[in-house]
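The block underneath contains the structure these notes are about, expressed in structure tokens.
Each chain gets a letter, A, B and so on, in the order its sequence line appears, and its residues count up from 1. Computed from heavy atoms alone, side chains included, the values below leave out hydrogens, waters and symmetry copies.
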Amino acid sequence: MKNVVVLLLFGLMQMSVQSEVFWLSETPPSKKATALKKEPVASVPQSEHAGHLHAQLAASGVAASGVAATAGGKKHTHGGGAEVDADGEVVADNTHSGKKQLWLRRGDDARAAAYVSGMQGSLILLGQGGMLPEVTLADEKDRTTVKLDLPELGFYNAYWVQRAVHEGMLHVQIAKAEVLHGTCCAKDIDEEAVGKPIVNRAAELELVREHYSGEGLFTRIVSGDTINYTVLSRGEPIAGAKVTMISHKGWRNSQLSDAQGRVSFTLIRDYYPPSWLDFKKRFKQSYLMTAELELPELTVEGATYNAAHYTATLAGNYYPSPYDYRSYAWGLGIALFVIVFGGVSIYLYRRRRIKPYQEVRVDAKA
Amino acid sequence: MLRLESIRTAVNNVQFNRFRFWLQLFFFVLLVYGGYLGIELGKSLPTFACGYNKEGRGGMCYLMTLQHQMEWPWQKLFSVAGLTVLSTFGIFYLWFIALNKGWCGFVCPVGTIQDWITSLRRMTGIRYSRYSWGQFQWLAQIKYVLLALMFLIPLAIGGGWFQKDLKSPFCMICPGRTIIPLFSADFSQLSIDFSSKTNMIMTGLGLAVTGLFFIGSFVKKRFFCFYCPMGAFHYLLSKIALLRLKKDGSKCTRCGDCFRVCDQEIKVIADDVTQKEIMTDDCIMCLKCVAACPEPGALKATFAGIPIFASTEEGFIKRMNKGCSDGK
């Protein structure tokens with residue numbers, strides 16, 4: 001009985017540690033979301049190690065992405081302007097803007113994870129050209145957030161790291177955000193070059209999304225798409241890392257990375273509005289990727305730990321697939337109907353106008 | 001002088017249909033596939049170089065840009081940002097005044113497709129249809145109605161009266177949107193969008209118009225040009241255009257050949273012997289009338305006042321003989 005209780009407590013502790021994932025989100029808090037107050041965690045002094053780790057990240061520089069592009073057709077789609085968030089509010093699509101804002105969230109619910117408040121520290125920002133100045137977290141309306149000003153078009157990675165020690169085990173959380181300063185009207189820009197994913201060679205654990213070939217600077221991921229990720233540790237692929245995808249509604253799928261560190265997930269459709277009239281084709285859904293890696297006894301910066309547990313997170317957005325609301329059958333049917341109807345009408349009209357031969361008899365004697 | 005005269009004679013006596021065919025083909029390839037060669041003529045072209053042909057287009061139709069700009073919220077549209085609208089219009093106007101409505105007759109890909117459909121009909125031996133005078137008069141107003149709606153609906157969207165689903169209303173019903181991308185193997189515009197009632201109606205209407213376009217172009221020459229709001233827009237701006245169609249009424253014998261060959265069935269070109277500027281709102285400046293006119297100098301096309309193509313008896317005979325030999 002005692003063993004059962006211990007096991008239960010251990011399981012609960014593991015779950016609580018697992019569900020304590022932090023991630024960076026571009027989705028602003030809804031008016032209904034409530035901030036989560038900062039809770040003290042047993043850790044090495046945050047400021048020392050955070051700064052040290054950031055220094056490591058900074059020194060590594062940006063790696064040329066060795067992540068292969070996912071084969072597939074060009075996915076560039078025209079923006080459309082407005083999107084609909086989970087509360088049904090219309091929000092402007094700010095892909096074209098270089099001004100972004102990230103919020104720190106806690107929990108593995110892609111839709112309802114709490115927005116954290118009171119956190120301190122800074123984010124490392126990496127672009128194609130290398131590291132950019134660190135940006136400091138601050139509280140805005142009781143939510144920890146950071147504002148980014150992305151100078152040029154392209155993808156940028158933002159990293160937030162937290163370290164904690166619990167019973168001799170080092171827990172490291174690396175929350176990553178892949179932010180895009182995009183455009184749907186790229187001119188004189190090598191979209192392939194600026195649209196490549198960025199790898200951080202200093203990150204102990206990192207998820208890198210493989211971009212589609214021809215993704216460019218404006219592509220929407222939709223449900224039904226297959227997304228490939230590579231799990232890297234300090235720029236090298238890691239096999240056997242547990243990667244979980246959590247969809248907007250909470251559907252989960254977990255896989256272990258293969259020898260090349262790759263995992264592949266298909267975003268399922270989980271947007272089913274109560275009625276068809278409520279369907280919004282620009283409904284913005286979030287999904288969350290988490291990767292976990294456990295390492296045995298190790299020494300980090302002079303400190304020895306029994307084990308280390310690394311968690312990397314990366315969130316993304318997806319939209320309803322066009323196949324959910326577009327029909328070629330109806331389209332071709334209407335066009336063909338008009339062609340056939342019009343053609344038959346014109347034929348019958350012309351036939352009616354042809355006067356049949358009529359013999360005319362003239363009575364010469366009359 | 002002798003050389004100039006010989007050039008002029010050669011131009012006036014050119015096999016006009018063949019020349020026009022190759023010119024239309026050139027512009028079709030340029031506007032539909034030019035993007036693959038890195039050609040980008042901008043987003044203010046006065047012709048249906050469809051913006052939905054994302055990969056291959058060598059330039060974009062101004063109407064799409066115009067509708068997008070008209071949809072801006074009024075605070076933006078009537079502010080300094082509105083200068084963008086004026087500058088875009090300015091570029092469009094500069095393009096336009098070079099060729100006047102010759103953009104319709106020689107450059108427009110949708111017009112070219114209609115001419116190809118007409119050739120197909122001719123090969124089948126099926127005769128074409130014509131409008132009666134009454135039909136001509138009231139149907140000719142439709143393009144102005146479409147032009148007005150093309151301005152008013154986006155403005156209403158900007159003013160918050162209509163939803164954004166109604167964006168680019170003319171593009172949604174234009175056959176160019178559904179047909180031109182087909183040439184780049186893009187079939188996505190052939191679907192109905194059921195995401196909202198508005199999208200469903202507009203895309204449904206677009207495909208109905210596409211069906212109408214095919215059957216209409218088969219039996220009526222340049223069927224869609226008669227209803228095209230771009231043509232109406234051109235006519236309203238054509239006062240200072242460089243390419244002009246002129247008639248010398250004193251040389252006209254009222255044979256009616258110009259009317260007979262006119263794809264748009266414009267009677268005025270044959271009946272009016274007083275006006276010097278003979279281009280009407282329906283005219284597409286295909287210059288078939290000039291090619292078919294047997295009277296020297298009765299009809300001519302001028303560029304900045306310089307005659308570039310004039311009717312000649314020799315040209316008429318040469319072209320008619322060619323037509324006769326083609327008919328054998």
Exercise for the section: Side chain from CB out, backbone as N, CA, C, O: work out which of these in A/Leu336 comes under 4.5 Å of a heavy atom of chain B, or both, or neither. Expected result: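 Answer is neither: A/Leu336 stays 4.5 Å or more from chain B.
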Fill in the blank from the handout: Only one of B/Phe214, B/Phe218, B/Phe213 passes side-chain contact (heavy atoms from CB on, under 4.5 Å) with A/Ile339, and that residue is B/Phe214
Using a 6.0 Å cut-off, check whether atom [atom1] of [X] has over 12 heavy atoms from anything other than its own residue.
| X | atom1 | result |
| --- | --- | --- |
| A/Trp330 | CH2 | no |
| A/Glu152 | CD | no |
| A/Tyr272 | OH | yes |
| B/Tyr36 | OH | yes |

Problem - Which of B/Ser195, B/Gly38, B/Gly211, B/Gly204 touches chain A most, by non-hydrogen pairs under 4.5 Å - result: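 Of the candidates given, the most pairs with chain A belong to B/Ser195.
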Using a heavy-atom distance cut-off of less than 4.5 Å, which residues of [range] contact chain A?
| range | answer |
| --- | --- |
| residues 180-194 of chain B | B/Phe187, B/Ser188, B/Leu190, B/Ser191, B/Ile192, B/Asp193, B/Phe194 |
| residues 76-83 of chain B | none |
| residues 125-136 of chain B | B/Ile126, B/Arg127, B/Tyr128, B/Ser129 |

Exercise for the section: Determine which residues belonging to residues 340-347 of chain A lie within contact range of chain B, meaning some heavy atom pair is under 4.5 Å apart, and list them by number or answer 'none'. Expected result: A/Gly342, A/Gly343, A/Ile346
Practice task
Working to the nearest 0.5 Å, report the span between NZ of B/Lys197 and CH2 of A/Trp276.
Solution key: 13.5 Å
Practice task
Calculate, to the nearest 0.5 Å, the distance between atoms CD1 and OG1 belonging to A/Ile334 and B/Thr210 respectively.
Solution key: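 With rounding to 0.5 Å, CD1 (A/Ile334) is 10.5 Å from OG1 (B/Thr210).
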Problem - Candidate pair B/Val219 and A/Arg350, rule side chain to side chain contact (heavy atoms under 4.5 Å, CB included), full reasoning - result: CA-CA 11 Å; B/Val219 296; A/Arg350 287 185 174 188; 4.1 Å; yes
